[in-house]
2 protein chains.
Amino acid sequence: MGIIVGERINSTRKRIGQAIRDRDVARIQKEAKNQADAGATHIDVNAGTNPDRELEDMLWLIDTVQAVVDLPLSLDSANPAVVREVLPRVQKTPLINSISGESNRIEGMVELVASNAGPVVALTMDDSGLPEDVAGRLKAAATIRDVLNKAGVDDDRIVFDPLLRPLSTNPDQVAVFLEAVSRLRKEFPAAHQICGMSNISFGLPNRNNINKAFMTLALAAGMDCFVLDPTEPGIMANYHAARAVLCMDEYCMEYIMQSREGRL
Amino acid sequence: MGIIVGERINSTRKRIGQAIRDRDVARIQKEAKNQADAGATHIDVNAGTNPDRELEDMLWLIDTVQAVVDLPLSLDSANPAVVREVLPRVQKTPLINSISGESNRIEGMVELVASNAGPVVALTMDDSGLPEDVAGRLKAAATIRDVLNKAGVDDDRIVFDPLLRPLSTNPDQVAVFLEAVSRLRKEFPAAHQICGMSNISFGLPNRNNINKAFMTLALAAGMDCFVLDPTEPGIMANYHAARAVLCMDEYCMEYIMQSREGRL
């Protein structure tokens, strides 16, 4: 099984932003527990909406989540100063989310990633901006991978994020995205791949159906990790079912076990 | 949109077999209407479990279904004598289900298919039996296609069925099946492809998840038609969502319309 980052504890979500401001422990802990119960392997913590308070908000989030959930965290910050300060507070080796090939996001972040024994999300973008095509994503991936490898971060700790855009505004980009996933899988077989899954359905009605169909195609193309809301109805069931159909789950044992545990 | 054959009115299903024996008009008509409401494009009628009574049972089924539903039927019989007798009773040009490359299923059936203006399901098997590999399916497809073309049935009326087997008993066969779909799509671009979708999940728990993930992958590979139970929760929503994600539904218009009509 790959990494499933539970995305719900994110300050850009109105109620979560409010809960962070209010230091609403119960609310945050409920979100953490629900996501763990639903099958997340990592709990994302993001306090980026208030840059002035990001550090203290992150420290509070980390303590609050760790008090009730035994999973590793996904430290969701673009600010190396914040990541540096919070790392000692984290109990289990976290996922660092994220670095990219942009000079200003390499500086300061690479040494932190190297010092952490865990995985890192590497956005496939560089100083030339958000790539429109497959080649741009591969080029940006190669750039950031070189930097990481040189710092001692091997491919199996790199989780490329090929930057998914909404189907509604970029219909042609879905095929480009899936092709990029497939090429990254071939080019860097030991590396992992992740995306913010629900981006696909932004702006469409009944998003859940779109999310599931996309997830199945992404898994088929070679994506093995997802940032998602594991409490979204049926999404984890779809994950296990797609892995079974794609023969990533020998004899469907994982699927059958999930069913026995009443999770499907 | 491709053909969606509603599969529920099949005598091998215990309650339906009973309803046919009892001449239970209400039961059969309810099944027909529910499937039409759920989005079937064709209603399958199968009375094959009692070969001695197949003809009279089929005639009754056809009359019973046509009295309440305005969709074309899928005449599900391997017996040319039955198909010949019932064809004049059918109001809308039906799908004939099915023919194959086996000598005993070509004889008698080809002329009926040619005389019918509609599509025909062509099983990709011949006298050498059920193919285990991609090549066997392609060879059988080419054989039956030649026979049909010579009889005046063009590719766009041929609906290949590459014979789906259960994931639980043939895990490796899923990849073989999808590869066959992809090759058939390239080799015979004007022809259609269909399968009995729920075969995939036979023997597994929570079959619905498996069915949906498989359907998405089959659509991606080039399958455009399905035999399924359109009343299965979420299955038609998955069909429309997968088509949207695969850019088979320009600007997601069909998906958005389905949503507005409360069908997703």
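Below, chains carry the letters A, B, ... as their sequence lines are ordered, and counting in each starts from 1.
Of the listed residues A:Val174, A:Leu178, A:Leu264, the one with more heavy-atom pairs under 4.5 angstrom with chain B than any other is A:Leu264. By number of non-hydrogen pairs under 4.5 angstrom with chain B, the leading residue of A:Asn206, A:Asp172, A:Asn208 is A:Asn206.
For the salt bridge (Lys or Arg N to Asp or Glu O under 4.0 Å) condition, the pairs that include at least one residue of residues 208-234 of chain A, sequence neighbours left out, are A:Arg8-A:Asp229, A:Arg185-A:Asp224. Every pair passing salt bridge (Lys or Arg N to Asp or Glu O under 4.0 Å) that includes a residue from residues 127-144 of chain B is listed here, sequence neighbours excluded: B:Asp126-B:Lys139, B:Glu132-B:Arg165.
Side-chain N or O atoms of B:Tyr251 include none that pairs as donor or acceptor with a backbone N or O of A:Ser168 at under 3.5 Å.
Contacts between B:Ala237 and chain A at a heavy-atom distance below 4.5 Å involve backbone atoms as well as side-chain atoms. When heavy atoms are compared at a cutoff of 4.5 Å, A:Leu204 approaches chain B solely by way of its side chain, counted from C-beta outward.
Scanning residues 239-249 of chain B against chain A with a 4.5 Å non-hydrogen threshold yields B:Ala241, B:Ala242, B:Ala244, B:Val245, B:Leu246, B:Cys247, sorted by number.
Atom CZ of B:Arg263 is surrounded by more than 12 heavy atoms from other residues, nucleotides or ligands within 6.0 Å. Other residues, nucleotides and ligands place no more than 12 heavy atoms under 6.0 Å from the CD atom of A:Glu250.
For the atom pair B:Leu217 CG and A:Leu219 CG, the distance stands at 9.0 Å (nearest 0.5 Å). Here CZ of B:Phe214 is found 12.0 Å from OG1 of A:Thr216. Values are rounded to the nearest 0.5 Å.
Between B:Asn209 and A:Tyr255, the side chains place a donor N or O and an acceptor N or O closer than 3.5 Å (distance only, hydrogens not considered).
Every residue two or more places apart in sequence or in another chain that forms a side chain to side chain contact (heavy atoms under 4.5 Å, CB included) with A:Pro72 is listed here: A:His42, A:Lys92.
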